[in-house]
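Notes follow once the structure below has been shown.
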Amino acid sequence: MMAGVRRAIAVVGALAVLLVGGPWVYINLIRGDAPGALTLPATTTVAADGVAPATTVEATTTSAAPVDPSGTWVAGEGSLAGYRVDEVLFGQNVTAVGRTTGVEGEITID
């Protein structure tokens, strides 16, 4: 009977080590760093109707009048969509990042 209790305690202890230690090893030793946050380029080409490039707007830190985003915007070649989430996984702080270049579609803004 005592051997069964010891065995049960050993199994529970081993599971606890695997559940906490496994994610720690993966997060800190195996998994690489999350890629940097997505940013907009310093210069953006903006079309009057959002469909074809028409003018270039320089990004500045001054409070210039905002560009009117009205029009139909189409995801073109090189478009990238993604998400970035800070989370706690088994007590370890991680940043989950997902990205795809498989973006297609359009949006109309009035």
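The hydrophobic cluster analysis finds Leu19 isolated: no Ile, Leu, Val, Met, Phe, Trp or Tyr side chain comes under 4.5 Å of it, directly or through other members. Residues Leu15 make up the rest of the hydrophobic cluster containing Val11, defined by ILVMFWY side-chain heavy atoms closer than 4.5 Å, directly or through other members.
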Which donor-acceptor pairs under 3.5 Å do side chains of residues 74-84 form with protein atoms, sequence neighbours excluded?
| unit_1 | atom_1 | unit_2 | atom_2 | d |
| --- | --- | --- | --- | --- |
| Ser79 | OG | Gly76 | N | 3.0 |
| Ser79 | OG | Gly76 | O | 2.7 |
| Arg84 | NH1 | Pro35 | O | 2.9 |
| Arg84 | NH2 | Pro35 | O | 2.8 |

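Cluster annotation: Leu38 and Val103 are assigned to distinct hydrophobic clusters (Ile/Leu/Val/Met/Phe/Trp/Tyr, side-chain heavy-atom contacts under 4.5 Å, transitive).
Atom CD of Glu87 has more than 12 heavy atoms from other residues, nucleotides or ligands within 6.0 Å.
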